[in-house]
Amino acid sequence: MVELKNVSVTYSSGVDALNNVSLKINDGDFAFVVGSSGAGKSTMIKLLLKEINATSGVVTVNGYNLNKMKRRQIPEFRRTLGFVFQDFRLIPSMTVYENIAFVLRVIDAPKKYIRKRVPYVISLVGLQAKSNSYPDELSGGEKQRVAIARALVNDPKLIIADEPTGNIDPELSYEIVELLKGINDCGTTILMVTHEHDLVRHFGGRIINITDGEIVFDEVIGGINEA
Amino acid sequence: MKLSGVKYLVDQGVENVWKNKMMAFATFCVLLISLLLVGASVIFYFNINSMIGGISDKNEIAVFINDKADKARITEIGQDLAKIKGVSEVTFESKEDAFNKMLVQMPEYEKIFESLGNDNPLVDGYRVKVSNIDEVPQIISEIRGLNDIYYVKASQEFVNVLKELRRVVTMVACAIIAALAVVSMIMISNTTKASIFTRREEIQIMKYVGATNSFIRTPFFVEGMVTGFFSGIGAFIITWAAYNSLFELLTKQVNVMNVIGLGNIIQFSSIRVYVLLSYIIAGSFIGALGSVIFTRKHINV
Ligand SMILES: Nc1ncnc2c1ncn2[C@@H]1O[C@H](COP(=O)(O)OP(=O)(O)O)[C@@H](O)[C@H]1O
Ligand SMILES: [Mg+2]
């Protein structure tokens, strides 16, 4: 669950990136966050990952009050969520398999579990054949599928995706969203930032529009495919 | 943390050394030189102590007589020595006596004497006992005034020289150690920084997926320790080789040995284990400590 209560963020440069934002996303929801460039979408994501702190207001994610959280609690908090970024953030010196297994090593999962779990999530994103490839050898869509598998591997309650389709071919964007939808169907909450209106119109669902640091629209709309 | 997890982190640390080999090599060299200089100073210091400790008769003056002097002249010198004020006892020591005494003291050097063609390189002399140590310098100058004297060696005088040498060595060593400590730390800081830079993406992702601080730092800790460990091994090998060649060189110089006392030089075999352990422990410790400090500084985890 994600909850923002009267949250504002002012960067040290003086920019007011978020202005009195309140928002609640329930467990199992799928929500699109849309808005033009510079609207404050990434700022909200950074807030939810506790990369930055709110200047005022209360941020609660997966039961953690991020305002009151101590530094040493950050690791255990972050283990409850997965992330997908526009720029993939894969480690170039590691194979697909290693990039994913890495997450489980970090949380000190048993070796046996790693050997079972990693191939499983790779198969979920359909990349069995690329298991031993390096990120450089993959297309943008494939890279993002690896990133999604990585976000999935520790079975998080919430996956946060900041423009996951931003660097891949438009026709492949649909596949990525389908994948996230599938994950959502299994119970994982998903918050996806995008500025591709076509995607949003196609899939529908809950749409949160941020403009100039404020939520100007927060409704559920019907998608084309559902209509 | 599970054993497989620890192994993973250690492997990562070793891999860091390889990925970062230029910087690791630079740190290796600086640490090696630091360890060598410190090690050499310490070994030298112990040798001086051993020499000082080995000189038992501190109120004794050894007088060596010129080869050309005949039996009668030697006896005459003995009488002259006894007449000097402050001298309590005079004993004659022929070069054969001296040679045998040396062989008893250090039988393992018989080969060296053999290599001299069984030609006894020593000379006849007297051992002069002095009742008051303070009078030694005065008595020495009087003995030097006599004819047919080849060489006068006062233990006390030599002890003073050694003590002075020890003082200087200690001072210089402290200065070197302080300077090297700074240089080593700068090197380790830069190596750690470079290593962190090579792995910055990983570190960033590690943070996102919930790695603990110790998980992120351990590979760097291992990296520093491994580099330091190898510096220790390197320093040991160089010290070993250098010490032995110097030892061989010195022991061949009979005159020098006559002054120092051959048995007073420490044999490397008797300190080998300690030297090795000290180098390895010091190297690993400095390497690991440096990495820990600078990982804290450079990665904001
Ligand atoms: N680290 C930062 N320091 C200062 N200003 C920033 C920083 N990051 C973003 N901003 C500013 O905050 C505003 C919102 O940015 P961002 O959240 O990245 O927008 P979006 O992701 O919607 O494009 C922009 O005006 C941007 O310039
Ligand atoms: Mg953005």
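Just so it is clear: chains get the letters A, B, ... in the order the sequence lines come, proteins before strands, and each one is counted from 1.
- Of the two parts of A:L49, only the side chain, counted from C-beta on, holds a non-hydrogen atom closer than 4.5 Å to a non-hydrogen atom of chain B.
- Relative orientation of the B:F215 and B:Y8 rings is parallel, given thresholds of 30° and 60° on the angle between their planes.
- Two rings, from A:F30 and A:F203, have their centers 6.0 Å or more apart.
- With A:Y120 as the aromatic partner, A:R117 does not meet the cation-pi criteria of under 6.0 angstrom to the ring centre and within 45 degrees of the ring axis.
- Checked for salt-bridge contact, B:E164 and B:R167 meet the test: a charged N lies under 4.0 Å from a carboxylate O.
- Only the backbone of A:L90 has a heavy atom closer than 4.5 Å to any heavy atom of chain B.
- For A:T80, no part lies under 4.5 angstrom from a heavy atom of chain B.
- Counting heavy-atom pairs closer than 4.5 Å to chain B, the top-ranked of the candidates A:K50, A:E51, A:R150 is A:E51.
- Residues A:K130 and A:E137 fail the side-chain proximity criterion, which asks for heavy atoms closer than 4.5 Å.
- With a threshold of 4.5 angstrom between heavy atoms, A:F77 does not approach chain B through any atom at all.
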